[in-house]
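The structure under discussion appears below in the form of structure tokens.
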Amino acid sequence: MTPEVATTVSAIAASISAALTIVTAVVAVQTLRAAREDSRARSRPVIVASLQRELLTQGTINLLLRNFGASVATHVTVSFDPRPPTDLDSLPDGDMRKWLFQTYEKPVHTWPPGWELSNVVRAGHDDIEPFAVLIEYFGPDGTRYSERIDIDPIPVLKHTTATPTKADDPIKIGQQAVSALQALVRAIHR
């Protein structure tokens, strides 16, 4: 091999080596960013809104907001669409929305993991229309999160359950009581 060819081969090898070093550095940076985002996603607060029937009532539905995440949410603001009236006192005391809107009138400063707030949004057989819950909060690292959860009451309203048949026989009544207690114990241990 002539000195010119050796110099050319050496220059090409150096160029390829430099390009591979740059590619490796870019991949390493992207991997570190992905690991940081994954860590943030796993450790962030996640506040979710949902509807749930109130046990042992006829038609009462609660709006639940719960932090399912692994860390504390701070400066949590909750708003609704449609928006509440500007004068909440104009709503009658029997309108559950009045109490719901008052609960979230001011931000919640600290919302720990697992913490849940519950408000009645339908008592008895009151009408309830679909609505949206807008939740904004900060994670422990200062990241701002924003969720919009559209709430449709139809699946909860149309949910069916079985209830024991009425019995006059004291033995059957006792059996129903035992069955009810067993169901309660199962529900508690879930």
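Counting from 1, the numbers follow the sequence of the chain as shown. This structure is a prediction, so every number in the text was calculated from the model and none was measured.
Screening V108, L117, T110 against V76 for a side chain to side chain contact (heavy atoms under 4.5 Å, CB included) leaves a single residue, V108. When each of N119, T77, V133, I135 is checked for a side chain to side chain contact (heavy atoms under 4.5 Å, CB included) with Y104, only N119 meets the rule.
Remark: M96 CE to N62 CG distance equals 10.5 Å, nearest 0.5 Å. Put simply, OG1 on T7 and CD1 on I12 are 11.0 Å apart, with the number rounded to the nearest 0.5 Å. For the atom pair CD of E116 and CD1 of I47, the computed distance is 12.0 Å after rounding to the nearest 0.5 Å. Interatomic distance, N67 CG to W115 CH2, rounded to the nearest 0.5 Å: 10.0 Å. To the nearest 0.5 angstrom, L100 atom CG is 10.0 Å from S118 atom OG. One distance of note links CD1 of I154 with CD of E129; it measures 8.5 Å at 0.5 Å rounding.
Closest approach of P140 to V72, counting heavy atoms only: CD-O, 3.6 Å. Minimum heavy-atom separation, K98 to P92: CD-O, 3.8 Å. Considering every non-hydrogen atom in both G114 and R66, the closest pair reads O-NE, 3.5 Å. Here the closest non-hydrogen pair linking D89 and Q102 is OD1-NE2, 4.1 Å. F131 approaches P82 most closely through the heavy-atom pair CB-CD, 4.1 Å. The shortest heavy-atom contact between F80 and L134 is C-CD1, 3.8 Å.
R53 places a side-chain N or O within 3.5 Å of a backbone atom of V156 that can act as its donor or acceptor partner. A donor-acceptor contact shorter than 3.5 Å links the side chain of R122 to the backbone of G59.
Using a 4.5 Å heavy-atom threshold, the side chains of F101 and R83 count as separate. Side-chain contact between D81 and R148 is present, with heavy atoms from C-beta onward closer than 4.5 Å. Considering only heavy atoms from C-beta on, I151 stays 4.5 Å or farther from V121 through its side chain. Side chains of L51 and L64 form no contact here, defined as non-hydrogen atoms less than 4.5 Å apart. For the pair D93 and W99, the minimum side-chain heavy-atom distance is below 4.5 Å. Counting only heavy atoms from C-beta outward, the side chains of W111 and P45 never approach each other to under 4.5 Å. Between R97 and L88, the closest side-chain pair of non-hydrogen atoms is not below 4.5 Å.
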